[in-house]
Protein chains: 2
Amino acid sequence: MDANQVEQVRRFNRLVTRRIGALSDDYLSRGRPLGEARLIFEVTSAGGMDLGRLRGKLGLDSGYMSRLLRSLEKQEMIEVRRKAGDGRAREVILTDKGRQEFAAYDSRSAKLARSMLSPLEEGQRERLVSAMAEVERLIRASFVTVAEESPRQADGRWCREQYFAELSRRFDGGFDVATGDPSDSADLLPPSGSFVVARLDGEPVGCGGLKTLDAATGEIKRVWTSASARGIGVAGRIMARLEQSAREAGFSVLRLDTNRSLVEAQALYRKLGYREIGRYNDNPYADHFFEKRL
Amino acid sequence: MDANQVEQVRRFNRLVTRRIGALSDDYLSRGRPLGEARLIFEVTSAGGMDLGRLRGKLGLDSGYMSRLLRSLEKQEMIEVRRKAGDGRAREVILTDKGRQEFAAYDSRSAKLARSMLSPLEEGQRERLVSAMAEVERLIRASFVTVAEESPRQADGRWCREQYFAELSRRFDGGFDVATGDPSDSADLLPPSGSFVVARLDGEPVGCGGLKTLDAATGEIKRVWTSASARGIGVAGRIMARLEQSAREAGFSVLRLDTNRSLVEAQALYRKLGYREIGRYNDNPYADHFFEKRL
DNA sequence: TCCATTACCTGACTTTAGTCAGATAATAGG
DNA sequence: CCTATTATCTGACTAAAGTCAGGTAATGGA
């Protein structure tokens, strides 16, 4: 990246944090500590939430968050109750009063947005809005992390379920996990395999796995990106990470299989240097097979 | 403006303040309280400053700021000394150590920018940087204010000087104020005239005047936009404001003259509904004349 | 010269934000 | 059933941020 790009990003960061940042805090705090305001905002926009998820999203210490919750409870903005199905975990919901409060935030935030648009002419508005959308997408992309995780933990399992659900939707005639690939998380566990999860703000938005076929050959499995995070290079980064793991594991060849209906996936594999080979397994759902030498 | 535009702006504001805002604070605080960091940053970028001005810029309580200053003095980052000419007021300057410290902030801010670019591919980087530039320009545009001011105060005079300087640069054979239009600020004073200044963050970036030709006819004069603020609709907003004043003053017709070398100006006038007419004065620098019925 | 004003400083305070070390209760896995 | 783990809470702390009521010294105008 060149120095002008860095300079532009710095100017942008300065402008935006100074100006919009200060303004939004003003608009949104409504005489309430910012921590509480952020919490109530986050809860509303999801319409109730597990504490754990909330903590991850806001990046708060569990003790601190607990105190924020007690304070909002005392103000009757929220209710915290046991979560059905797991008595340890709890979840927050807004009371009626909390919903009213949120409505107030909401209207102030809309007002701030309008105050930015209204001095502009229609053409400028359109350009601003579309440039903002572009910046938003790309900044989200730049905040995606890809890290090795256990395929057995909740988020890993969730990702694979999403993956299977997508296959069912897209394959002609649906998809049945047991038929397609009876093996599962065991193959993706170290030391013989690995599993990575892509996250954005703590939320899983993609995954991918690597398993051993033989001492020199690894196989890429379960590469998936959530609909909300497509088109921003997540799958490419998952693949890069898996290839790195494969090199570290001493594989010299990577293989993968896929279905004709997953056209974007095939395009990605080709772009990354995979070339099509003949069938190497008896997966009934697979009809395209790829290989890459590392 | 439509609801989708407002929604996009809100999403953008949220994203950018939460994410970039929090990150920049992190990057820039360098183990020092944010207040001190902001203070040192502000002092450096202006290269020394009066306390009063600084207080205004940072929006701090005088007691709080005083303590920040003492702390930075103890760390030998700054020196605070009596201001020459007024023994009550004082001014801050950076020590050598303070300048080094600033250099460190500077490099961290560049690092933050790089950390946003580096996860992206080159094509994405280019798109991000150009979208950021667009957002920056248009947000700046949306923060421009246009208000009536006295043409005789320092900023108003400065704007008109800039305007004349530009005419000298652009007209073939230069420009001499006395020849071009001997009348000046008197014509632009209420009640027979008016004068508006466009500002961005308090700095003047444009101006425009309205004078009386006869009871029914006003004349637009001295419409200028600073080079730093072109292409973001400042002149259009100045014109809109002057036309509003003209209506309030009871004029039914507006006239203006201009020179063939000011092509953007002519394009703007046409766009705003002015049509070209014959010469109505003997300004030797003018060769195009326009009129609009209000 | 006197007095109100201005510019800043000090001390005493409060609130917000955040950390850390246990405590408690439910659950999952063997 | 036992044990380790997980999810949350509580108490005891600290640092930063901000407020407020005086206090001092210089200034400017009557």
* Sidechain-backbone polar pair: A:D50 side chain, A:R53 backbone, donor-acceptor under 3.5 Å ->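 The answer is no, because no donor-acceptor pair under 3.5 Å joins these two groups.
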
* Asked: Short question: side chain of B:R160, backbone of B:P151 - any donor-acceptor pair under 3.5 Å?
  -> yes

Nearest listed nucleotide, side chain of [X], among [options]:
{"X": "B:R70", "options": "D:dT10, D:dA17, C:dT10", "value": "C:dT10"}
{"X": "A:S62", "options": "C:dA26, D:dA17, D:dT8", "value": "D:dT8"}
{"X": "B:Y64", "options": "D:dG18, C:dT19, C:dG18", "value": "D:dG18"}
{"X": "B:A89", "options": "C:dC8, D:dC9, D:dG18", "value": "C:dC8"}
{"X": "B:R88", "options": "C:dA7, D:dC9, C:dT10", "value": "C:dA7"}

* Asked: Can you check whether A:F102 and A:F41 have ring centres sitting under 6.0 Å from each other?
  ->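 Yes; A:F41 has its ring centre under 6.0 Å from that of A:F102.
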
* Identify whether any heavy atom of B:R55 sits under 4.0 Å from a base atom; if not, whether one sits that close to sugar-phosphate; answer base, sugar-phosphate or nothing. => sugar-phosphate

* Asked: Base, sugar-phosphate alone, or nothing: which one does A:D50 contact when heavy atoms must sit under 4.0 Å apart?
  ->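 If one applies the 4.0 Å heavy-atom cut-off, A:D50 turns out to touch nothing in the nucleic acid.
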
* Structure fact -> Of A:G87 and A:D61, the one whose nearest nucleotide on DNA chain C sits closer to the 5' end is A:D61

In whole angstrom, give the distance that lies between atom [atom1] of [X] and atom [atom2] of [N].
{"X": "B:M65", "N": "C:dA7", "atom1": "CE", "atom2": "P", "answer": "12 Å"}
{"X": "A:L51", "N": "D:dT6", "atom1": "CG", "atom2": "P", "answer": "17 Å"}
{"X": "A:R90", "N": "C:dT24", "atom1": "CZ", "atom2": "P", "answer": "16 Å"}
{"X": "B:D86", "N": "C:dT6", "atom1": "CG", "atom2": "P", "answer": "12 Å"}
{"X": "B:R32", "N": "D:dA17", "atom1": "CZ", "atom2": "P", "answer": "12 Å"}
{"X": "B:R67", "N": "D:dA21", "atom1": "CZ", "atom2": "P", "answer": "15 Å"}
{"X": "A:R81", "N": "D:dT8", "atom1": "CZ", "atom2": "P", "answer": "14 Å"}
{"X": "A:L34", "N": "D:dA16", "atom1": "CG", "atom2": "P", "answer": "19 Å"}

* B:L72 vs B:E79 side-chain heavy atoms within contact, under 4.5 Å -> no

* Asked: With distance as the sole criterion, do the side chain of A:R82 and the base of C:dT27 form a donor-acceptor contact below 3.5 Å?
  -> no

* Asked: So does B:D86 pair up with B:K83, basic N to acidic O under 4.0 Å?
  -> no

